[in-house]
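Whatever order the structure lists them in is the order used to number ligands and atoms, beginning at 1. Positions are given from 1, in the same order as the sequence printed here.
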Amino acid sequence: MKTIQVDLGEKSYPIHIGEEIMIHFPDMLGRVSSRSVSLLVSDELVFSLYGPTVLDILRGAGYRVEAAVIKGGESCKNLTTLDWLYEQMIICGLDRSSTVFALGGGVVGDLAGFAAASYMRGVGYIQLPTSLLAQVDSSVGGKTGVNLPRGKNLVGAFYQPGLVLADVSLLHTLAEKEYLTGLAEVIKYGVIWDTAFFEYLETNLASIKTRDTECLIHIVERCCAIKAEIVSQDEKETGIRALLNLGHTFGHAFEALTGYEQFTHGEAVAIGMVCAARLAKNIGMLTAAEAIRITELINNYGLPVDYGNLSADAIVERMRSDKKNTAGQISLVLPAAIGQSQVCTGISDEQIKAVLK
Ligand code: NAD
């Protein structure tokens with residue numbers, strides 16, 4: 001088992017990564033009260049696959065755990081489900097010493113995390129990520145929240161988990177589309193931060209596509225280490241944490257303009273990274289050869305590189321309303337080289353439109 005530490009003073013926590021490590025979970029729960037009731041939050045699909053086992057493991061070790069199972073999917077990451085979750089927390093008798101275990105992908109993690117952050121002004125919270133996206137990204141860094149009808153993740157809190165356990169053996173049941181959406185975020189880490197990791201993704205493509213265990217462990221470990229390093233320096237995203245948004249401003253526009261139905265989040269981010277690379281090349285930040293390498297890697301993993309028939313005007317307008325912008329200026333993360341990136345402002349609409357068809 002590998003362990004990575006997220007250094008945030010009193011809020012520091014470990015991320016444990018390995019194969020079939022769920023069985024050892026109770027040994028890691030030092031500060032979790034076995035007297036107060038805990039709540040395992042999951043979605044229907046993940047719970048049907050792993051819920052009973054996790055409950056058995058925890059109960060076998062003497063923990064009092066109840067379960068709350070949400071339907072699942074982005075459409076239930078909302079205030080209605082949150083309200084239902086609070087109700088379950090009350091019915092199950094959670095008190096201020098209780099802990100919430102989030103077993104699932106990013107939807108369960110974000111929702112359960114926000115419930116834990118706000119119920120009785122905060123109870124314990126542990127992440128058991130089960131999707132690739134959750135293991136490499138959403139379970140680390142403490143962003144929790146729900147969507148509002150007017151936009152994604154508009155209500156939430158920074159609330160760090162007490163620990164993260166990423167068991168890569170759970171990734172074998174993940175649908176191919178969901179695996180790919182996670183791989184888009186994996187590629188992002190290589191582009192923004194780590195040349196050697198980008199090369200690893202190029203060299204080991206075949207084994208990564210077939211979910212080789214050693215590759216999965218290496219990928220999750222490297223991505224978590226990069227995210228831990230970034231979050232440790234900038235917990236609340238006032239500086240370098242923004243680099244994690246590479247491809248996201250374009251991507252959010254593609255998602256929104258296609259009604260969140262045509263692309264998964266990762267697919268939209270993948271196309272967004274291609275656009276960002278093209279833009280960086282056009283303004284002389286990135287070499288043409290590197291822009292091609294980024295596009296080819298995304299394409300070779302089977303991720304889309306093209307957004308179809310959306311209008312360039314509509315894309316730019318949507319990008320202007322991104323919540324990461326300040327004072328009306330579109331703020332974009334662009335690659336300066338493979339393994340290096342920076343936040344750029346002052347990019348004109350014309351420069352953006354030039355990379356859109
Ligand atoms: P998700 O939670 O909807 O999971 C995707 C699908 O995979 C679901 O149907 C789920 O049931 C299924 N699934 C999960 N694990 C499985 C497994 N082991 N086997 C079989 N099926 C499994 O989506 P996601 O892609 O994990 O996360 C997306 C969410 O994460 C979005 O809401 C996004 O806003 C959020 N997010 C948050 C952060 C953050 O920092 N908090 C970062 C990135 C994304």
*Proximity to ligand 1 by part of Leu133, non-hydrogen separation under 4.0 Å*: side chain

*Is the closest heavy-atom distance from Asn153 to ligand 1 below 4.0 Å?*
yes

*Looking at ligand 1, does any of its N/O atoms fall within less than 3.5 Å of an N/O of Gly106?*
yes

*Pair Arg320 + Glu317: basic N to acidic O under 4.0 Å*: no

*asked:* Looking only at the aromatic ring of each residue, does the gap between the centers of Phe101 and Phe25 stay below 6.0 angstrom?
replied: yes

*Nearest protein heavy-atom contact for atom 26 (O) of ligand 1: which residue, which atom, what distance?*
Ser131 OG, 2.6 Å

*Got the closest protein heavy atom to atom 20 (C) of ligand 1, with its distance?*
Thr173 O, 3.2 Å

*Which is it for Leu49 and ligand 1 at heavy atoms under 4.0 Å: side chain, backbone, both or neither?*
side chain

*Would you find a donor on one side and an acceptor on the other, under 3.5 Å apart, between the side chain of His218 and the backbone of Glu214?*
no

_Set out, in order, the CA-CA distance, both residues' side-chain angles and the distance that settles side-chain hydrogen bond (donor to acceptor under 3.5 Å, both in side chains) for Asp167 and Ser169, then state yes or no._
CA-CA 6 Å; Asp167 186 333; Ser169 44; 2.4 Å; yes

*Number the atoms of ligand 1 from 1 as they appear, then name those within less than 4.0 Å of a heavy atom of Thr130, with their elements.*
14 (C), 15 (N), 16 (C), 17 (C), 18 (N)

*Connected via hydrophobic side-chain network under 4.5 Å: Leu103 and Leu58*: yes

*What residue and heavy atom of the protein are closest to atom 43 (C) of ligand 1, and at what distance?*
Asp137 OD2, 3.7 Å

*Begin with the C-alpha distance, continue with both residues' side-chain angles, and end with the deciding distance and a verdict on side-chain hydrogen bond (donor to acceptor under 3.5 Å, both in side chains) for Glu74 and Asn147.*
CA-CA 9 Å; Glu74 192 67 32; Asn147 304 327; 2.7 Å; yes

*asked:* I need the nearest protein heavy-atom contact for atom 32 (O) of ligand 1: residue, atom name and distance, please.
replied: Glu74 OE1, 2.6 Å

*Check: Gln160 side chain, Gly141 main-chain N or O, donor-acceptor pair, under 3.5 Å*: yes

*Per-atom contacts, ligand 1 versus Lys227 - under 4.0 Å to a heavy atom*: 40 (O)

_Hydrophobic cluster membership, Leu170 vs Val220, 4.5 Å side-chain cutoff_ = no

_Side chain, backbone, both or neither: the part of Glu178 lying under 4.0 Å from ligand 1 by heavy atom_ = side chain

*Can you tell me the protein heavy atom closest to atom 3 (O) of ligand 1 and the distance?*
Val107 CG2, 3.4 Å

*Considering only non-hydrogen protein atoms, determine which one is nearest to atom 38 (C) of ligand 1 and report residue, atom name and distance to 0.1 Å.*
Ser138 CB, 3.2 Å

*Applying a strict 4.0 Å limit to heavy atoms, is Gln135 in contact with ligand 1?*
no

_Which segment of Lys177 sits under 4.0 Å of ligand 1 when only heavy atoms are counted_ = neither

*Residue of the set Val46, Ile70, Val69 for which side chain to side chain contact (heavy atoms under 4.5 Å, CB included) holds with Val108*: Ile70

_Looking at Tyr200, I'd like to know if the NZ or CZ of Arg222 sits under 6.0 Å from its six-membered ring centre while staying within 45 degrees of the ring's axis._
no

_Nearest-contact summary for atom 34 (O) of ligand 1 - protein heavy atom, Å_ = Lys77 NZ, 3.0 Å

*Do we see a donor-acceptor contact under 3.5 Å between the side chains of Tyr86 and Ser118?*
yes

_Residue selection (non-hydrogen contact nearest atom 13 (N) of ligand 1) among Val46, Asp167, Leu170, Asp43_ = Val46

*Please state which part of Glu44 comes within less than 4.0 Å of ligand 1, counting heavy atoms only: side chain, backbone, both or neither.*
neither

*If you count the atoms of ligand 1 from 1 in the order shown, which ones are under 4.0 Å from a heavy atom of Tyr50?*
18 (N)

*Path from Leu49 to Leu171 over hydrophobic side-chain contacts below 4.5 Å*: no

*Should one rank Val269, Leu45, Asp110, Leu174 by closest heavy-atom distance to atom 37 (C) of ligand 1, which comes out on top?*
Asp110

*Tyr63-Met28 co-clustered via ILVMFWY side chain contacts under 4.5 Å*: yes

*Closest protein heavy atom (residue, atom, distance) for atom 4 (O) of ligand 1*: Gly105 CA, 4.2 Å

